[in-house]
2 protein chains.
Amino acid sequence: MFRSSGPGIDPSRPVYVISVAAEIVAVHPRTLRIYEEAGLICPSRTESNIRLFSENDLRRILWIRHLTQDLGVNLAGIKLLFQLEERLGERILERLYEEGNKKSERAVAAAREGGRR
Amino acid sequence: MFRSSGPGIDPSRPVYVISVAAEIVAVHPRTLRIYEEAGLICPSRTESNIRLFSENDLRRILWIRHLTQDLGVNLAGIKLLFQLEERLGERILERLYEEGNKKSERAVAAAREGGRR
DNA sequence: AGAACCCTATCAATGGTGTTGTCAAGGGTG
DNA sequence: CACCCTTGACAACACCATTGATAGGGTTCT
């Protein structure tokens, strides 16, 4: 499903520093920090406290983007949805809104292509 | 659970006109019309097109109030949550946030007491 | 060492949302 | 007839989401 899910590549591995992550998902770094403050994402940190985002983090960000930009849900609503997801087992929201997710994944793939040029 | 769930009283029976319903749940009538426009509530109508709210409608409104006022979720988010509830079977959200609901029910009971004076 | 990035924290501008409020013009009912 | 209901529009107010800039300080790489 994910371009980078090939052999030897772990989608949960933290690799992108905030400026790179922000460029890939086409969002201001400030916004990513706000998402983290709101408890919506939780990127890893290096020993020297620098945020590192994984592919899974990017996917989560694009999912948040879909909810806010396309559906108009605010951050409080997204937080509630994520809490629901935790309690009801993994991929319920995503199963329900697969089209949105596929869109997100295409966007990631495209963005990563673009970021690589 | 509901004071009015006694014998002979149907919580799904449409009885309250908008001004009465608004007074009971302590919300402006304008707000209730906006909730309906947003697809969050669907009160019955008389033959002459006048809205009639049931006890269940009031409970739903107080649930919406809890989500917006206490949790800060916006109407788009609530709509999504309601869609989830529909697809995942009845009272999932309410089971998760029982304290909020009990609060809502106490509020309804109190409001109806007050409205009766 | 210096450039370029990261960190936190703060302030501000912009556009959008939620809620209440009011006005108008018209219909139903005591 | 008075009063409440209807829809539709407009406005005010406060708050939120996003982007942007700034300051002071740390990390990484060349």
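Just so we're clear, the structure is a prediction, and the values are computed from it rather than from any experiment.
For the pair Q69(B) and dG18(C), the criterion of a side-chain N or O lying under 4.0 Å from OP1 or OP2 is not met. The phosphate of dG21(C) (OP1 or OP2) has a side-chain N or O of H28(B) nearer than 4.0 angstrom. OP1 or OP2 of dC7(C) lies within a sub-4.0 Å distance of a side-chain N or O belonging to R51(A).
Distance L32(B) CG to dT6(D) C1': 14 Å, rounded to the nearest Å. Separating the CZ atom of R33(A) from the P atom of dT8(C) is a distance of 7 Å, rounded to the nearest angstrom. Put simply, CG on L67(A) is 16 Å from C1' on dC16(D), counting in whole angstrom units. The separation between I34(A) atom CD1 and dA21(D) atom P is 15 Å, rounded to whole Å. Distance, E36(B) CD to dT6(D) P: 8 Å, rounded to whole Å. Whole-Å rounding puts the I50(A) CD1 to dC6(C) P distance at 8 Å. When rounded to the nearest whole Å, the span between CZ of R30(A) and P of dT18(D) equals 12 Å. Atom CZ of R65(A) is separated from atom C1' of dT18(D) by 7 Å (rounded to the nearest Å).
Between the side chain of T68(B) and the main chain of G72(B), no donor-acceptor pair closer than 3.5 Å is present.
Ion pair R60(A)/E55(A) not flagged as a salt bridge, since none of the NZ, NE, NH1 or NH2 atoms sits closer than 4.0 Å to an Asp/Glu carboxylate oxygen.
Taking every side-chain heavy atom of S48(B) into account, dT29(C) is the closest of dA17(D), dT29(C), dT17(C). Taking every side-chain heavy atom of R45(A) into account, dC7(C) is the closest of dG18(C), dT6(D), dC7(C).
Residues Y35(A) and I18(B) each lie close to DNA chain D; by heavy-atom proximity, the contact nearer the 5' end of the strand is made by I18(B). The residue among T31(A) and T46(A) whose nearest nucleotide of DNA chain D lies closer to the 5′ end is T31(A).
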Exercise for the section: Would you check, one step at a time, whether the test side chain to side chain contact (heavy atoms under 4.5 Å, CB included) holds for I18(B) with F53(B)? Expected result: CA-CA 7 Å; I18(B) 195 171; F53(B) 296 79; 3.9 Å; yes
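Taking the side chain as every heavy atom from C-beta outward, L71(A) and K79(B) never approach each other to under 4.5 Å. Residues V73(A) and V73(B) are not in side-chain contact: their nearest non-hydrogen atoms beyond the backbone lie 4.5 Å or more apart.
Across all strands, E47(A) comes closer than 4.0 Å to no nucleic acid atom at all (heavy-atom distances).
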